[in-house]
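First the structure, in the form of structure tokens, and then the observations on it.
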Amino acid sequence: MKKKLNVGLIGYGFMGRTHSNAYSQVNHFFDVPYEPVLQVVCGLEENVAKDFADQWGYKSYTTDWHKVIEDDNIDQVDICVPNNMHAEIAIAAAKAGKSIICEKPLALDAAQAETMVDAIEKAGVANLVSFNYRRVPAVTLAKMLIDEGRLGRIFHYRANFLQDWTISANVPQGGMATWRLDVKAAGSGVTGDLLAHCIDTAMWHNGQIDSVCAMTETFVKKRMHVETGKVEDVGIDDACTFICRFGNESLGNFESTRYARGHKALYTFEINGEKASIAWDLHDLHRLSYFDHSDESIVRGWRSVHVTDGDMPYMDKWWVPGLQIGYEHTFVHQVADFLEGLDKGEPASPSFRDALATQYVCDAVLSSAKDKEWKTVKKA
Ligand code: SOE
């Protein structure tokens, strides 16, 4: 008999759907010790919350997140609301003893993230931040190859996250669909929204980032605000590029923008080591490119590894070799690992503290761009 884990989801947008799907799917594919029960969904608009509850099988709905926290029947709180609401909800949930999964980035800035880590660690509740790309099988395989020492000493880590959806000055800021463009709701632009993914994966693969030198730009300086109806200044970074030094003395090179016409969600990374290199591309997420210098020279070249075999991360849980999986599966893997960790008392990562480390890098990047100088990154 599996133990029941009663889930309260706060936020019914894009991420609310990915997390709900993960809770619904996990027991079909993974032999985890818990069965998540979709108890309540919370969102601002009652009719949307009701429809969401009907569609995803939540037993009830509410428009007041406090009710989710106060409900003794709820074991786990899942936070999928805009970034400016993460802290208040997470701290209240921790005080109420709930386990927590929170969407990325953890907070508006590092100061706020510190208060969250403090509350979570004091309460001793299980916690995880949803940097889902770690759990693309090919990205997890890259981590395994690095940890096995196959790349040898690492010299370079470069990553990009490119989109093009905010080029038009007619795209507004604020509100349900475009809160990511409102600095009050998002905290920052591409740095917190997109580069945070790249930074999380990079530090997981390659260790601590010690110092950064960045530049940012806001190409469209004023946008209509959905809530006020007025044209207001834009406070987010539309594009951000930074170079950095890792603790292992390798060099990093990161770029993110929402102004790369033709790219919808092009997250790529390449890692160059003494013995081998690895490259990955979200648009072809089930493949890992691998170059091994020890191959015989006449057949040496970049291999395109189709990450679908049963001995590759997570893949024995899905179909048969050769049949690939996609984006939504990363959230299923995340919930599976979280539930395993909950049972064993060995928390899955990235924890709130790991996400604080990412937040420190984001803060250093933004402050470097503002002051036009190198910044040292605080350690979590
Ligand atoms: C923004 O467009 C966004 O949805 C991010 O918020 C997600 O974290 C990223 O995975 C895809 O792009």
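Order of listing sets the numbers, starting from 1, for every ligand and every atom in it. Only this structure's heavy atoms are used, side chains among them; waters, hydrogens and symmetry mates stay out.
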Does at least one non-hydrogen atom of Arg180 fall below 4.0 angstrom from an atom of ligand 1? yes
Just wondering, do Trp280 and Tyr290 contact through their side chains at under 4.5 Å, heavy atoms? no
Pairing donors with acceptors under 3.5 angstrom, does anything connect the side chains of Asn272 and Arg158? yes
Any side-chain heavy-atom pair from Cys102 and Phe352 closer than 4.5 angstrom? yes
Closest to atom 4 (O) of ligand 1 among protein heavy atoms sits Phe14 CE2, 3.4 Å
Return the residue, atom name and 0.1 Å-rounded distance of the protein heavy atom closest to atom 5 (C) of ligand 1. Asp193 OD1, 3.4 Å
Strictly below 4.0 Å, N to O, side chains only: are Arg300 and Asp292 in salt-bridge contact? no
With nothing but distance in play, are any N or O atoms of Lys104 less than 3.5 Å from an N or O of ligand 1? yes
Let me know which of Asp237, Asp193, Thr166 forms a side chain to side chain donor-acceptor pair (under 3.5 Å) with Arg258. Asp193
For Glu88, does the CD atom sit with more than 12 other heavy atoms under 6.0 Å from it, leaving out its own atoms? no
Here the atoms of ligand 1 under 4.0 Å from any heavy atom belonging to Trp165 are 2 (O)
For atom 12 (O) of ligand 1, grab the closest protein heavy atom and report residue, atom and distance to one decimal in Å. Gln163 NE2, 3.1 Å
Got the closest protein heavy atom to atom 10 (O) of ligand 1, with its distance? Tyr133 OH, 2.6 Å
Just to check, does His197 reach to within less than 4.0 Å of ligand 1 when the distance is taken from its heavy atoms? yes
Assess, by modelled atom type and distance only, whether the side chains of Gln39 and Asn6 contain a donor and an acceptor separated by less than 3.5 Å. yes
Using a 3.5 Å cut-off on N or O atoms only, is Asn132 in polar contact with ligand 1? no
